[in-house]
Amino acid sequence: MWVSGSQLWLWQKKAREEAIAFNIPPQEINWLLRAVAGLDGLSLRLETYKTQPRIELKMPLSELNELWQQRLCDRLPLQYLLGTTPWRQFELKVTPGVLIPRPETELIIDLVLETVETHPHLASGDWVDLGTGSGAIALGLAQALPQITVHAVDCSPEALSVAQENAQTLHLTSRIKFYQGSWWEPLEGLQGTLKGMVSNPPYIPSAEIPHLQPEVAHHEPHLALDGGIDGLNALRYLIKTAPTYLEAGGFWLVEMMVGQGAAILNLLTESGHYQTPKIRPDLTGRERFVSAFINSP
Ligand SMILES: C[S@@+](CC[C@H](N)C(=O)[O-])C[C@H]1O[C@@H](n2cnc3c(N)ncnc32)[C@H](O)[C@@H]1O
C-alpha cells in the first residue's frame, strides 16, 4: 500500500492536533509511523519524508487512521495496537493478555548483574521469574547470564503463550523453562536449589486500580496489577515461601510500588530467613525494588 509523502504528512499533522486535544503524547505518532511506514527518526523529526513521492505503508491509510482513532477514543495503549514494545534490546510481542513491560523494570536485570559481580556463585544454576507476563525479565536474565537456566512461571495461559513466542523469536527457548501455575506451585522439585528469584508481582492496592490512567485501568490485565487491599498480598506470599525454594545465600529481588519499601523490609526482617535486605532506587531515585539474600548457615 503506497501513499505520497505529502499525504502522510497531512495525516500526521491532523493526528498531532488530535493527540494534543485528547491529552496523548504527540510523540506517539512518530512511534506509529516508524512501525507502519518504516520511517526513521531523523526524517520524522525534520519532516523530510514529506517530499518523498511514494512511501510504502503496512496497511491502507484508512486502517492506520482507524488504529489511531482506537488509541484516541478507547485509550488503547499503542503497544497493544502495534502488538509489540521495545524492552531493553528486545522488541517484545505484547497482547492485552499481558502487562506491557515497563522501562523501569529493565533495571531488574542490571541489579542482578551488579549482584552477580560481587557474588559470582550466582552466575550459574537455576533462577526463577515468578509472574513472567510477556517473559521480559526471564528473557533479559537468560540473555545477560549465559550460564543460568531460568524457570518462568505465570498463572495466565495467555501470558505464557506470549512469553514462549518471545523466547522463540529471540532464540532463547533452550535457556528458559515455562510453567503454568501459581507462583512456586509448578516448581516443587526445585526446593532448596535455586540461586535467585526475581519477580515483578501485582502490587497495586485494589481500590487504586480504577483511578489509574484509563490505558492501564481499562486495558491491562487486572491479574497483573491487583495486589489486594494493601497491594502486598503477592509480596507477602513471596517473602514467606521463597526460603523453601532458594538455596542458602540465594538472591531475592522484587519490584514494588513507591511507598511499599518499609513494609517489605519489615516483613523480610520478621521472617528471620533473610539477610542484608535493601531498598533499591530506579534511575530517577524513586524506591522501586527490594533485594535480600537467604541466610547462609
Ligand atoms: C506486574 S505483572 C509482571 C509481568 C512481567 N514480569 C513484567 O515485569 O512485565 C505480574 C504477573 O504476575 C502474574 N500473576 C498474578 N498472580 C499470579 C500467581 N498467583 N501465580 C503466578 N503468576 C501470577 C500475572 O499474570 C502477571 O503476568
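Just follow the structure's listing: the first ligand is 1, and inside any ligand the first atom is 1.
- Scanning all heavy atoms of the two residues, the minimum distance from Ser206 to Asp226 falls at OG-OD1, 2.7 Å.
- When Ala224, Gly131, Gly97 are checked for heavy-atom proximity to atom 4 (C) of ligand 1, Gly131 turns out nearest.
- Aromatic ring centres of Trp9 and Tyr49 lie farther apart than the 6.0 Å criterion allows.
- In this structure, atom 20 (N) of ligand 1 lies nearest to the protein heavy atom Trp183 N, 2.9 Å.
- His119 and Phe293 have their aromatic ring centers within a separation under 6.0 angstrom.
- At a heavy-atom cutoff of 4.0 Å, ligand 1 is contacted by the backbone of Thr132 but not by its side chain.
- Looking at Glu106 and Arg88, no side-chain N of the basic residue comes within less than 4.0 Å of a carboxylate O on the acidic one, giving no salt bridge.
- Looking only at heavy atoms of the protein, atom 19 (N) of ligand 1 is closest to Ser182 OG, 3.0 Å.
- Among all non-hydrogen protein atoms, the one lying nearest atom 15 (C) of ligand 1 is Leu223 O, 3.4 Å.
- When heavy-atom distances to ligand 1 are checked against a 4.0 Å cut-off, Thr105 comes that close only through its side chain, counted from C-beta outward.
- For the pair Ser199 and ligand 1, no heavy-atom separation below 4.0 Å is found.
- For Arg34, there are no side chain to side chain donor-acceptor pair (under 3.5 Å) partners two or more places apart in sequence or in a different chain.
- Here the heavy atom of the protein found nearest to atom 27 (O) of ligand 1 is Asp154 OD2, 2.6 Å.
- With ligand atoms numbered from 1 in the order given, ligand 1 contributes 6 (N), 8 (O) to contacts under 4.0 Å with heavy atoms of Ile137.
- Nearest to atom 10 (C) of ligand 1 among the protein's heavy atoms is Asn200 O, 3.3 Å.
- Here Leu46 sits in one hydrophobic cluster together with Leu42; the rule is ILVMFWY side chains under 4.5 Å apart, joined directly or through other members.
- If you number the atoms of ligand 1 from 1 as listed, the ones under 4.0 Å from a heavy atom of Gly181 come out as 20 (N), 21 (C).
- For ligand 1, the atoms lying closer than 4.0 Å to a non-hydrogen atom of Pro101 are 9 (O).
- The side-chain tip of Lys195 does not point at the ring of Trp127 from less than 6.0 angstrom away and within 45° of straight on.
- When atom types are taken as modelled, the side chain of Arg45 and the backbone of Ser43 share no donor-acceptor pair closer than 3.5 angstrom.
- Atom CD1 of Ile137 and atom CD1 of Ile108 lie 4.0 Å apart (nearest 0.5 Å).
- Residue contacts with ligand 1 for Cys155 involve both N, CA, C or O and side-chain atoms from C-beta outward (heavy atoms, distance under 4.0 Å).
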